[in-house]
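Report on one structure; see the data block that follows.
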Amino acid sequence: MLDGMATDDASARLTAGPARRPATAGPASVHRSDPGPFVAGGPSGPGGRLLLLQRQVGNAAVQAMLWPPDEVTVARQRVPPAYTAPPPGSPPPPGPAAAPAVTLNGATPLEQAADGFTQATSAALDQAWGLLNSRAMFDLLPMLAGLKTKGFWSVITADATPRGGPRMANAVHTVDLKTKGSPITKDELAELIDRMADMFPDQRADMLRFIGKYVVLTVDGIDLDFSYVAGATSASCVKEVQDEIAQAKFFIKEYAAAGQKKGVKTGAQVEQAVKDSLAKQGFGISVAGTTSSTGAITITATPMTKAQPILTRNTEIHESVHSHHVAALQKQFGRGTPGFKAAFNDAQDWVRDEINARKAEIKFLTKVVAALKKLEKMVK
Amino acid sequence: MSEQVTVAATVLQIEVDPYLRDPLRRHLARIRIDDVLSGELDATQVTLLIHSPSKTFMDPNPVGYRYLVGLTPPIDDPYTGPLEIEPADEH
(Lines give C-alpha, C1' and ligand atoms only; values in the text may rest on other atoms or scores of the structure.)
Protein backbone atom coordinates (compact mmCIF):
# COMPACT_ATOMS: atom_id res chain seq x y z
CA MET A 1 0.00 0.00 0.00
CA LEU A 2 2.74 2.40 0.87
CA ASP A 3 5.51 1.32 -1.40
CA GLY A 4 8.11 3.68 -0.10
CA MET A 5 7.86 2.26 3.40
CA ALA A 6 9.66 -0.88 2.40
CA THR A 7 13.00 0.85 2.42
CA ASP A 8 15.19 1.92 5.28
CA ASP A 9 15.99 5.11 3.46
CA ALA A 10 14.76 7.63 6.00
CA SER A 11 13.92 10.24 3.43
CA ALA A 12 11.60 7.83 1.70
CA ARG A 13 9.77 6.27 4.63
CA LEU A 14 6.47 7.88 3.93
CA THR A 15 6.54 8.95 0.39
CA ALA A 16 3.74 6.97 -1.24
CA GLY A 17 4.34 7.60 -4.89
CA PRO A 18 3.30 11.01 -6.16
CA ALA A 19 2.90 12.39 -2.65
CA ARG A 20 6.61 12.08 -2.06
CA ARG A 21 8.25 15.28 -0.95
CA PRO A 22 10.91 16.38 -3.42
CA ALA A 23 14.38 15.79 -2.08
CA THR A 24 15.13 19.48 -2.31
CA ALA A 25 12.08 20.57 -0.35
CA GLY A 26 12.56 22.33 2.95
CA PRO A 27 11.29 21.05 6.26
CA ALA A 28 7.65 20.14 6.38
CA SER A 29 5.32 22.78 7.62
CA VAL A 30 1.61 22.54 8.12
CA HIS A 31 -0.51 25.57 7.42
CA ARG A 32 -4.24 25.80 7.52
CA SER A 33 -4.37 26.44 3.79
CA ASP A 34 -1.78 23.78 3.05
CA PRO A 35 -3.23 20.27 2.87
CA GLY A 36 0.29 18.92 3.19
CA PRO A 37 1.94 16.21 1.16
CA PHE A 38 -0.19 13.37 2.45
CA VAL A 39 -3.54 14.09 0.87
CA ALA A 40 -2.25 14.32 -2.66
CA GLY A 41 -4.34 12.48 -5.18
CA GLY A 42 -7.69 13.03 -3.52
CA PRO A 43 -9.57 10.54 -1.36
CA SER A 44 -8.60 7.60 -3.55
CA GLY A 45 -5.05 8.75 -4.07
CA PRO A 46 -2.13 7.94 -1.78
CA GLY A 47 -2.89 10.89 0.51
CA GLY A 48 -6.47 9.79 0.88
CA ARG A 49 -5.36 6.26 1.61
CA LEU A 50 -3.05 7.59 4.28
CA LEU A 51 -5.92 9.48 5.89
CA LEU A 52 -7.94 6.29 5.84
CA LEU A 53 -5.06 4.47 7.49
CA GLN A 54 -4.85 7.22 10.08
CA ARG A 55 -8.53 6.72 10.92
CA GLN A 56 -8.12 2.97 11.10
CA VAL A 57 -4.96 2.64 13.19
CA GLY A 58 -4.82 5.96 14.97
CA ASN A 59 -2.57 8.99 15.05
CA ALA A 60 0.18 7.39 17.10
CA ALA A 61 0.65 4.55 14.65
CA VAL A 62 0.87 6.88 11.68
CA GLN A 63 3.15 9.21 13.60
CA ALA A 64 5.52 6.31 14.18
CA MET A 65 5.85 5.82 10.43
CA LEU A 66 7.06 9.35 9.86
CA TRP A 67 10.69 10.20 9.61
CA PRO A 68 12.02 12.30 11.17
CA PRO A 69 9.32 11.57 13.73
CA ASP A 70 8.90 15.14 14.93
CA GLU A 71 8.86 16.81 11.54
CA VAL A 72 5.07 16.71 11.24
CA THR A 73 2.61 16.16 14.04
CA VAL A 74 -0.11 13.73 13.09
CA ALA A 75 -3.24 15.07 14.67
CA ARG A 76 -6.51 16.69 13.84
CA GLN A 77 -5.68 20.21 12.75
CA ARG A 78 -7.43 23.01 14.55
CA VAL A 79 -9.91 24.85 12.41
CA PRO A 80 -10.67 28.46 13.25
CA PRO A 81 -14.28 29.04 14.22
CA ALA A 82 -16.39 30.30 11.38
CA TYR A 83 -18.20 33.60 11.94
CA THR A 84 -21.92 33.27 11.63
CA ALA A 85 -23.73 36.53 11.24
CA PRO A 86 -26.91 36.95 13.32
CA PRO A 87 -30.07 36.59 11.28
CA PRO A 88 -31.62 39.82 10.01
CA GLY A 89 -33.85 41.49 12.57
CA SER A 90 -32.04 40.02 15.57
CA PRO A 91 -31.93 42.19 18.67
CA PRO A 92 -28.64 44.03 19.24
CA PRO A 93 -26.10 42.33 21.48
CA PRO A 94 -26.19 43.27 25.16
CA GLY A 95 -23.97 46.04 26.45
CA PRO A 96 -23.78 49.79 26.00
CA ALA A 97 -25.19 51.10 22.77
CA ALA A 98 -22.68 52.27 20.20
CA ALA A 99 -22.12 55.99 20.04
CA PRO A 100 -23.89 57.70 17.20
CA ALA A 101 -21.68 57.89 14.18
CA VAL A 102 -20.31 61.30 13.40
CA THR A 103 -18.12 61.93 10.45
CA LEU A 104 -15.48 64.53 11.01
CA ASN A 105 -14.29 65.92 7.72
CA GLY A 106 -10.66 66.58 7.02
CA ALA A 107 -7.54 64.94 5.70
CA THR A 108 -5.55 65.32 8.90
CA PRO A 109 -6.34 64.88 12.60
CA LEU A 110 -6.03 68.66 12.96
CA GLU A 111 -8.62 69.27 10.25
CA GLN A 112 -10.91 66.60 11.68
CA ALA A 113 -10.66 68.04 15.19
CA ALA A 114 -11.34 71.52 13.79
CA ASP A 115 -14.41 70.14 12.03
CA GLY A 116 -15.58 68.62 15.32
CA PHE A 117 -15.30 71.97 17.09
CA THR A 118 -17.06 73.61 14.13
CA GLN A 119 -19.98 71.17 14.17
CA ALA A 120 -20.02 71.61 17.97
CA THR A 121 -22.64 68.91 18.56
CA SER A 122 -22.13 66.72 21.60
CA ALA A 123 -21.06 63.75 19.50
CA ALA A 124 -18.78 65.84 17.30
CA LEU A 125 -17.11 67.43 20.33
CA ASP A 126 -16.63 63.98 21.89
CA GLN A 127 -14.84 62.86 18.76
CA ALA A 128 -12.75 66.01 18.53
CA TRP A 129 -11.60 65.62 22.15
CA GLY A 130 -11.02 61.95 21.51
CA LEU A 131 -8.62 62.92 18.74
CA LEU A 132 -6.80 65.34 21.02
CA ASN A 133 -6.59 62.97 23.97
CA SER A 134 -5.16 60.20 21.81
CA ARG A 135 -2.20 62.29 20.66
CA ALA A 136 1.22 61.91 22.22
CA MET A 137 2.49 65.16 23.71
CA PHE A 138 4.88 65.89 20.83
CA ASP A 139 1.93 65.67 18.43
CA LEU A 140 -0.67 67.24 20.71
CA LEU A 141 1.15 70.55 21.17
CA PRO A 142 1.35 71.57 17.47
CA MET A 143 -2.21 70.30 16.98
CA LEU A 144 -3.45 72.54 19.78
CA ALA A 145 -1.49 75.45 18.34
CA GLY A 146 -3.17 74.82 15.01
CA LEU A 147 -6.62 74.81 16.60
CA LYS A 148 -5.76 78.05 18.38
CA THR A 149 -5.06 79.74 15.05
CA LYS A 150 -8.38 78.44 13.74
CA GLY A 151 -10.29 80.22 16.48
CA PHE A 152 -11.32 77.40 18.82
CA TRP A 153 -9.17 78.44 21.76
CA SER A 154 -11.84 79.62 24.16
CA VAL A 155 -13.76 76.34 24.06
CA ILE A 156 -10.55 74.34 24.25
CA THR A 157 -9.16 76.22 27.24
CA ALA A 158 -12.53 75.99 29.01
CA ASP A 159 -12.83 72.23 28.48
CA ALA A 160 -9.18 71.19 28.68
CA THR A 161 -9.26 70.05 32.31
CA PRO A 162 -12.69 68.38 32.37
CA ARG A 163 -12.13 66.74 28.99
CA GLY A 164 -8.43 65.93 29.18
CA GLY A 165 -7.23 66.30 32.76
CA PRO A 166 -3.97 67.87 33.94
CA ARG A 167 -2.01 66.65 30.92
CA MET A 168 -4.30 68.54 28.54
CA ALA A 169 -4.42 71.61 30.79
CA ASN A 170 -0.62 71.70 30.89
CA ALA A 171 -0.44 71.27 27.14
CA VAL A 172 -2.83 74.21 26.67
CA HIS A 173 -0.70 76.28 29.05
CA THR A 174 2.43 75.38 27.06
CA VAL A 175 0.79 76.42 23.80
CA ASP A 176 -0.21 79.72 25.40
CA LEU A 177 3.41 80.32 26.41
CA LYS A 178 4.65 79.49 22.94
CA THR A 179 2.15 81.72 21.17
CA LYS A 180 2.00 84.69 23.49
CA GLY A 181 4.17 86.76 21.18
CA SER A 182 6.94 87.70 23.62
CA PRO A 183 9.89 85.86 25.18
CA ILE A 184 9.12 83.46 27.98
CA THR A 185 10.14 84.96 31.31
CA LYS A 186 11.94 83.19 34.14
CA ASP A 187 8.79 83.31 36.23
CA GLU A 188 6.75 81.74 33.45
CA LEU A 189 9.32 78.99 33.03
CA ALA A 190 9.32 78.41 36.80
CA GLU A 191 5.56 78.04 36.78
CA LEU A 192 5.77 75.57 33.91
CA ILE A 193 8.38 73.57 35.85
CA ASP A 194 5.91 73.33 38.74
CA ARG A 195 3.19 72.14 36.40
CA MET A 196 5.47 69.47 34.91
CA ALA A 197 6.55 68.04 38.26
CA ASP A 198 4.22 65.04 38.21
CA MET A 199 4.36 64.42 34.47
CA PHE A 200 6.35 61.69 32.79
CA PRO A 201 9.81 62.74 31.63
CA ASP A 202 9.13 62.29 27.92
CA GLN A 203 6.16 64.64 28.17
CA ARG A 204 8.22 67.19 30.10
CA ALA A 205 10.85 67.05 27.36
CA ASP A 206 8.24 67.50 24.61
CA MET A 207 6.84 70.58 26.36
CA LEU A 208 10.24 72.17 26.92
CA ARG A 209 11.25 71.39 23.34
CA PHE A 210 8.04 72.99 22.04
CA ILE A 211 8.79 76.29 23.75
CA GLY A 212 12.48 76.22 22.87
CA LYS A 213 13.71 75.59 26.40
CA TYR A 214 14.94 72.05 26.05
CA VAL A 215 18.49 72.04 27.39
CA VAL A 216 19.69 68.53 28.16
CA LEU A 217 22.56 67.14 30.16
CA THR A 218 22.73 63.36 29.81
CA VAL A 219 24.06 61.45 32.81
CA ASP A 220 24.50 57.69 32.57
CA GLY A 221 21.44 57.14 30.45
CA ILE A 222 19.07 59.76 31.80
CA ASP A 223 18.40 63.08 30.13
CA LEU A 224 18.27 65.86 32.71
CA ASP A 225 16.49 69.05 31.72
CA PHE A 226 14.94 72.11 33.35
CA SER A 227 12.01 70.07 34.67
CA TYR A 228 14.29 68.79 37.46
CA VAL A 229 15.32 72.20 38.78
CA ALA A 230 13.44 74.43 41.19
CA GLY A 231 10.17 75.93 40.02
CA ALA A 232 8.19 78.76 41.55
CA THR A 233 6.96 76.51 44.36
CA SER A 234 8.45 73.08 43.74
CA ALA A 235 11.93 72.32 45.04
CA SER A 236 14.90 71.32 42.97
CA CYS A 237 15.68 67.60 42.86
CA VAL A 238 19.16 68.26 44.25
CA LYS A 239 18.12 67.74 47.88
CA GLU A 240 16.30 64.50 47.12
CA VAL A 241 19.28 63.18 45.18
CA GLN A 242 21.66 64.15 47.99
CA ASP A 243 19.40 62.27 50.42
CA GLU A 244 19.65 59.24 48.17
CA ILE A 245 23.46 59.50 48.25
CA ALA A 246 23.33 59.59 52.05
CA GLN A 247 21.08 56.54 52.05
CA ALA A 248 23.50 54.63 49.80
CA LYS A 249 26.36 55.46 52.17
CA PHE A 250 24.24 54.34 55.11
CA PHE A 251 23.55 50.97 53.50
CA ILE A 252 27.21 50.47 52.65
CA LYS A 253 27.96 50.69 56.37
CA GLU A 254 25.03 48.44 57.22
CA TYR A 255 26.08 45.71 54.79
CA ALA A 256 29.73 45.93 55.80
CA ALA A 257 28.71 45.52 59.45
CA ALA A 258 26.40 42.63 58.62
CA GLY A 259 29.24 40.83 56.87
CA GLN A 260 31.38 41.10 60.00
CA LYS A 261 28.81 39.52 62.29
CA LYS A 262 29.53 36.09 63.68
CA GLY A 263 27.44 33.33 62.22
CA VAL A 264 26.59 35.25 59.07
CA LYS A 265 27.60 32.85 56.33
CA THR A 266 25.01 33.26 53.59
CA GLY A 267 23.42 36.02 51.56
CA ALA A 268 20.08 35.43 53.24
CA GLN A 269 21.73 35.84 56.64
CA VAL A 270 23.31 39.10 55.47
CA GLU A 271 19.92 40.43 54.44
CA GLN A 272 18.37 39.37 57.73
CA ALA A 273 21.20 40.98 59.70
CA VAL A 274 20.63 44.28 57.87
CA LYS A 275 16.89 44.11 58.51
CA ASP A 276 17.48 43.37 62.19
CA SER A 277 19.88 46.29 62.45
CA LEU A 278 17.38 48.64 60.83
CA ALA A 279 14.68 47.47 63.21
CA LYS A 280 16.96 48.09 66.19
CA GLN A 281 17.60 51.62 64.95
CA GLY A 282 13.89 52.23 64.60
CA PHE A 283 13.79 52.23 60.83
CA GLY A 284 10.62 50.37 60.09
CA ILE A 285 10.18 49.34 56.51
CA SER A 286 6.48 49.37 55.92
CA VAL A 287 5.09 47.97 52.75
CA ALA A 288 1.60 49.01 51.92
CA GLY A 289 -0.03 46.00 50.37
CA THR A 290 -3.51 44.89 49.56
CA THR A 291 -4.55 41.31 49.79
CA SER A 292 -5.02 39.69 46.46
CA SER A 293 -8.26 37.77 46.60
CA THR A 294 -8.93 37.11 42.95
CA GLY A 295 -5.46 36.81 41.60
CA ALA A 296 -6.06 39.61 39.15
CA ILE A 297 -2.91 41.43 40.10
CA THR A 298 -2.57 44.92 38.78
CA ILE A 299 0.51 47.00 39.24
CA THR A 300 -1.00 50.30 40.22
CA ALA A 301 -0.71 53.14 37.79
CA THR A 302 2.72 54.60 38.14
CA PRO A 303 2.81 57.68 40.31
CA MET A 304 5.28 60.27 39.17
CA THR A 305 7.22 62.74 41.22
CA LYS A 306 9.69 65.31 40.01
CA ALA A 307 12.75 63.27 41.01
CA GLN A 308 11.34 59.83 40.34
CA PRO A 309 12.97 59.31 36.92
CA ILE A 310 16.33 59.91 38.58
CA LEU A 311 15.61 57.51 41.43
CA THR A 312 14.34 54.88 39.01
CA ARG A 313 17.48 55.17 36.90
CA ASN A 314 19.51 54.92 40.10
CA THR A 315 17.83 51.63 40.97
CA GLU A 316 18.45 50.33 37.46
CA ILE A 317 22.15 51.12 37.84
CA HIS A 318 22.22 49.32 41.19
CA GLU A 319 20.60 46.28 39.61
CA SER A 320 22.98 46.28 36.66
CA VAL A 321 25.86 45.74 39.11
CA HIS A 322 24.09 42.69 40.58
CA SER A 323 23.16 41.40 37.14
CA HIS A 324 26.74 41.61 35.86
CA HIS A 325 27.99 39.88 38.99
CA VAL A 326 25.51 37.01 38.69
CA ALA A 327 26.41 36.62 35.02
CA ALA A 328 30.11 36.50 35.92
CA LEU A 329 29.47 33.81 38.55
CA GLN A 330 27.47 31.79 36.04
CA LYS A 331 30.29 32.05 33.55
CA GLN A 332 32.84 31.00 36.15
CA PHE A 333 30.97 28.10 37.74
CA GLY A 334 28.14 27.19 35.38
CA ARG A 335 24.48 28.00 35.84
CA GLY A 336 22.89 26.25 38.79
CA THR A 337 25.98 24.22 39.68
CA PRO A 338 26.90 23.60 43.32
CA GLY A 339 29.93 25.83 42.81
CA PHE A 340 27.75 28.63 41.51
CA LYS A 341 25.30 28.33 44.39
CA ALA A 342 28.09 28.30 46.95
CA ALA A 343 29.74 31.39 45.49
CA PHE A 344 26.40 33.14 44.99
CA ASN A 345 25.32 32.58 48.58
CA ASP A 346 28.65 33.35 50.18
CA ALA A 347 28.11 36.13 52.71
CA GLN A 348 31.30 38.01 51.91
CA ASP A 349 30.62 37.92 48.17
CA TRP A 350 27.06 39.06 48.87
CA VAL A 351 28.29 42.02 50.90
CA ARG A 352 30.89 43.00 48.29
CA ASP A 353 28.30 42.88 45.53
CA GLU A 354 25.87 45.04 47.49
CA ILE A 355 28.54 47.57 48.38
CA ASN A 356 29.63 47.74 44.75
CA ALA A 357 26.02 48.38 43.73
CA ARG A 358 25.64 51.16 46.30
CA LYS A 359 28.95 52.69 45.21
CA ALA A 360 27.70 52.72 41.63
CA GLU A 361 24.64 54.58 42.88
CA ILE A 362 26.78 57.18 44.62
CA LYS A 363 28.89 57.69 41.49
CA PHE A 364 25.77 58.19 39.36
CA LEU A 365 23.95 60.41 41.84
CA THR A 366 26.99 62.61 42.36
CA LYS A 367 27.12 63.26 38.63
CA VAL A 368 23.39 64.00 38.68
CA VAL A 369 23.82 66.62 41.40
CA ALA A 370 26.57 68.33 39.39
CA ALA A 371 24.39 68.34 36.27
CA LEU A 372 21.37 69.69 38.14
CA LYS A 373 23.43 72.52 39.58
CA LYS A 374 24.59 73.42 36.07
CA LEU A 375 21.00 73.47 34.86
CA GLU A 376 19.94 75.63 37.77
CA LYS A 377 22.57 78.19 36.83
CA MET A 378 21.25 78.25 33.29
CA VAL A 379 17.70 78.92 34.43
CA LYS A 380 18.63 81.76 36.79
CA MET B 1 1.95 29.55 60.03
CA SER B 2 0.02 28.61 56.90
CA GLU B 3 1.17 25.88 54.61
CA GLN B 4 3.78 26.93 52.10
CA VAL B 5 2.65 27.20 48.51
CA THR B 6 4.93 25.94 45.79
CA VAL B 7 4.24 26.99 42.24
CA ALA B 8 5.82 26.74 38.83
CA ALA B 9 5.82 30.30 37.56
CA THR B 10 7.08 32.32 34.62
CA VAL B 11 8.54 35.77 35.16
CA LEU B 12 6.49 38.12 33.02
CA GLN B 13 7.77 41.55 33.90
CA ILE B 14 10.22 43.31 36.15
CA GLU B 15 10.18 46.99 36.88
CA VAL B 16 11.45 49.41 39.45
CA ASP B 17 8.75 49.79 42.10
CA PRO B 18 7.10 53.08 41.16
CA TYR B 19 6.40 53.77 44.81
CA LEU B 20 9.96 52.96 45.94
CA ARG B 21 8.27 51.97 49.20
CA ASP B 22 11.09 49.85 50.59
CA PRO B 23 14.74 50.97 50.32
CA LEU B 24 15.90 47.36 50.44
CA ARG B 25 13.38 45.97 47.94
CA ARG B 26 13.02 48.31 45.01
CA HIS B 27 11.82 45.99 42.25
CA LEU B 28 8.50 44.43 41.39
CA ALA B 29 8.54 41.09 39.61
CA ARG B 30 5.26 39.94 38.12
CA ILE B 31 5.06 36.18 37.78
CA ARG B 32 2.46 34.07 36.02
CA ILE B 33 1.36 31.01 37.98
CA ASP B 34 1.70 28.14 35.53
CA ASP B 35 1.03 25.36 38.00
CA VAL B 36 0.32 25.08 41.70
CA LEU B 37 2.49 22.18 42.81
CA SER B 38 1.58 22.20 46.49
CA GLY B 39 -0.66 24.18 48.78
CA GLU B 40 -3.51 26.37 47.64
CA LEU B 41 -3.32 29.55 45.61
CA ASP B 42 -6.30 31.07 43.86
CA ALA B 43 -4.34 33.42 41.64
CA THR B 44 -3.09 33.49 38.09
CA GLN B 45 -0.41 36.11 38.72
CA VAL B 46 1.50 37.32 41.75
CA THR B 47 3.67 40.38 42.12
CA LEU B 48 6.80 40.00 44.23
CA LEU B 49 8.54 42.92 45.90
CA ILE B 50 12.22 42.05 45.72
CA HIS B 51 15.66 43.53 46.21
CA SER B 52 17.20 42.43 42.96
CA PRO B 53 15.76 40.41 40.09
CA SER B 54 19.11 38.87 39.22
CA LYS B 55 19.84 37.90 42.83
CA THR B 56 16.35 36.70 43.65
CA PHE B 57 16.16 34.45 40.59
CA MET B 58 19.92 33.73 40.53
CA ASP B 59 19.86 34.77 36.90
CA PRO B 60 21.07 37.92 35.09
CA ASN B 61 17.84 38.16 33.10
CA PRO B 62 14.97 36.07 34.47
CA VAL B 63 12.16 37.55 32.35
CA GLY B 64 10.48 34.88 30.26
CA TYR B 65 11.82 31.93 32.21
CA ARG B 66 10.17 29.47 34.59
CA TYR B 67 11.03 28.93 38.21
CA LEU B 68 9.78 26.89 41.10
CA VAL B 69 8.69 29.46 43.66
CA GLY B 70 7.92 28.79 47.30
CA LEU B 71 5.60 31.34 48.91
CA THR B 72 4.38 31.50 52.49
CA PRO B 73 0.82 32.78 53.02
CA PRO B 74 -0.55 35.36 53.35
CA ILE B 75 0.15 36.12 49.72
CA ASP B 76 -0.49 39.82 49.43
CA ASP B 77 -0.10 42.24 46.56
CA PRO B 78 2.76 42.77 46.37
CA TYR B 79 4.05 39.64 48.08
CA THR B 80 6.75 40.48 50.62
CA GLY B 81 7.10 37.23 52.53
CA PRO B 82 9.79 34.57 52.41
CA LEU B 83 10.78 33.35 48.95
CA GLU B 84 12.36 30.11 47.84
CA ILE B 85 13.27 30.03 44.17
CA GLU B 86 14.81 27.38 41.95
CA PRO B 87 15.10 27.39 38.15
CA ALA B 88 12.50 25.13 36.53
CA ASP B 89 14.00 24.89 33.09
CA GLU B 90 17.29 25.17 31.30
CA HIS B 91 18.19 28.33 29.46
Side-chain angles (χ1 to χ4, degrees), chain A residues 244 247-248 250-251 254-255 267-268 271-272 274-275 278 283-305 307-309 311-316 318-331 335-336 340-341 344-345 350 353-354 357, chain B residues 7 12-33 36 40-63 65 67 71 73-91:
Chain A
E244 198 72 5
Q247 181 172 280
F250 170 80
F251 277 117
E254 287 292 324
Y255 274 89
E271 293 297 325
Q272 192 56 51
V274 171
K275 282 180 196 167
L278 292 177
F283 297 120
I285 296 173
S286 63
V287 177
T290 52
T291 301
S292 167
S293 57
T294 63
I297 304 299
T298 304
I299 295 176
T300 314
T302 305
M304 183 52 62
T305 65
Q308 187 161 330
L311 304 182
T312 297
R313 182 68 191 135
N314 185 48
T315 304
E316 290 168 353
H318 178 118
E319 171 57 16
S320 73
V321 173
H322 289 326
S323 178
H324 277 91
H325 184 59
V326 173
L329 290 177
Q330 278 193 353
K331 190 175 178 184
R335 181 177 183 266
F340 168 78
K341 288 181 179 175
F344 178 85
N345 282 313
W350 193 278
D353 188 31
E354 183 63 23
Chain B
V7 299
L12 297 180
Q13 181 189 8
I14 286 171
E15 66 172 7
V16 175
D17 177 14
Y19 290 102
L20 294 174
R21 68 196 99 189
D22 182 336
L24 285 176
R25 291 179 290 187
R26 296 185 290 185
H27 286 90
L28 291 171
R30 191 152 56 95
I31 60 173
R32 181 186 66 221
I33 308 302
V36 179
E40 288 186 9
L41 179 63
D42 185 20
T44 54
Q45 293 183 17
V46 171
T47 304
L48 313 174
L49 186 68
I50 56 176
H51 174 108
S52 156
S54 57
K55 300 205 81 157
T56 299
F57 293 98
M58 290 192 284
D59 211 311
N61 182 18
V63 173
Y65 295 109
Y67 298 85
L71 307 161
I75 299 170
D76 291 336
D77 176 22
Y79 175 78
T80 58
L83 268 174
E84 290 176 21
I85 293 181
E86 285 284 335
D89 55 12
E90 292 295 324
H91 63 274

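Everything numeric here is computed off the predicted structure, so don't read it as measured data. Chain naming here is simple, since letters A, B, ... match the order of the sequence lines and numbering starts at 1 in each. Every heavy atom of this structure was used, including side-chain atoms; hydrogens, water molecules and symmetry mates were not.
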What part of A:Tyr255 gets within 4.5 angstrom of chain B, counting heavy atoms only: side chain, backbone, both, or neither? side chain

Ion pair B:Arg25/A:Glu271, N-O distance below 4.0 Å: no

Minimal non-hydrogen separation, A:Gln308 against B:Pro18, with atom names: NE2-O, 2.9 Å

Taking all atoms of both residues into account, what is the closest heavy-atom pair of B:Pro23 and A:Phe251, and its distance? CB-CE1, 3.8 Å

Least distance between heavy atoms, A:Phe340 atom then B:Met58 atom: CZ-O, 3.9 Å

What distance do B:His27 atom NE2 and A:Glu316 atom CD have between them, rounded to the nearest 0.5 Å? 7.0 Å

In Å and rounded to the nearest 0.5 Å, what is the CD to CG distance from A:Glu254 to B:Leu24? 9.0 Å

Please flag which part of A:His318 lies under 4.5 Å from any non-hydrogen atom of chain B: side chain, backbone, both or neither. side chain

Apply salt bridge (charged side-chain N to carboxylate O under 4.0 Å, His left out) to residues B:Glu86 and A:Lys341 and explain how you reach the verdict. CA-CA 11 Å; B:Glu86 285 284 335; A:Lys341 288 181 179 175; 3.3 Å; yes

Output yes when a side-chain donor or acceptor of B:Ser52 lies under 3.5 Å from a complementary backbone atom of A:Glu319, and no otherwise. no

Of the non-hydrogen atoms in A:Val326 and B:Asp59, which two are nearest, and what is the gap between them? CG1-N, 3.7 Å

A:Gln272, part contacting chain B, at a heavy-atom distance under 4.5 Å: neither

A:His322 vs B:His51 aromatic rings, parallel, tilted or perpendicular, using cut-offs 30° and 60°? tilted

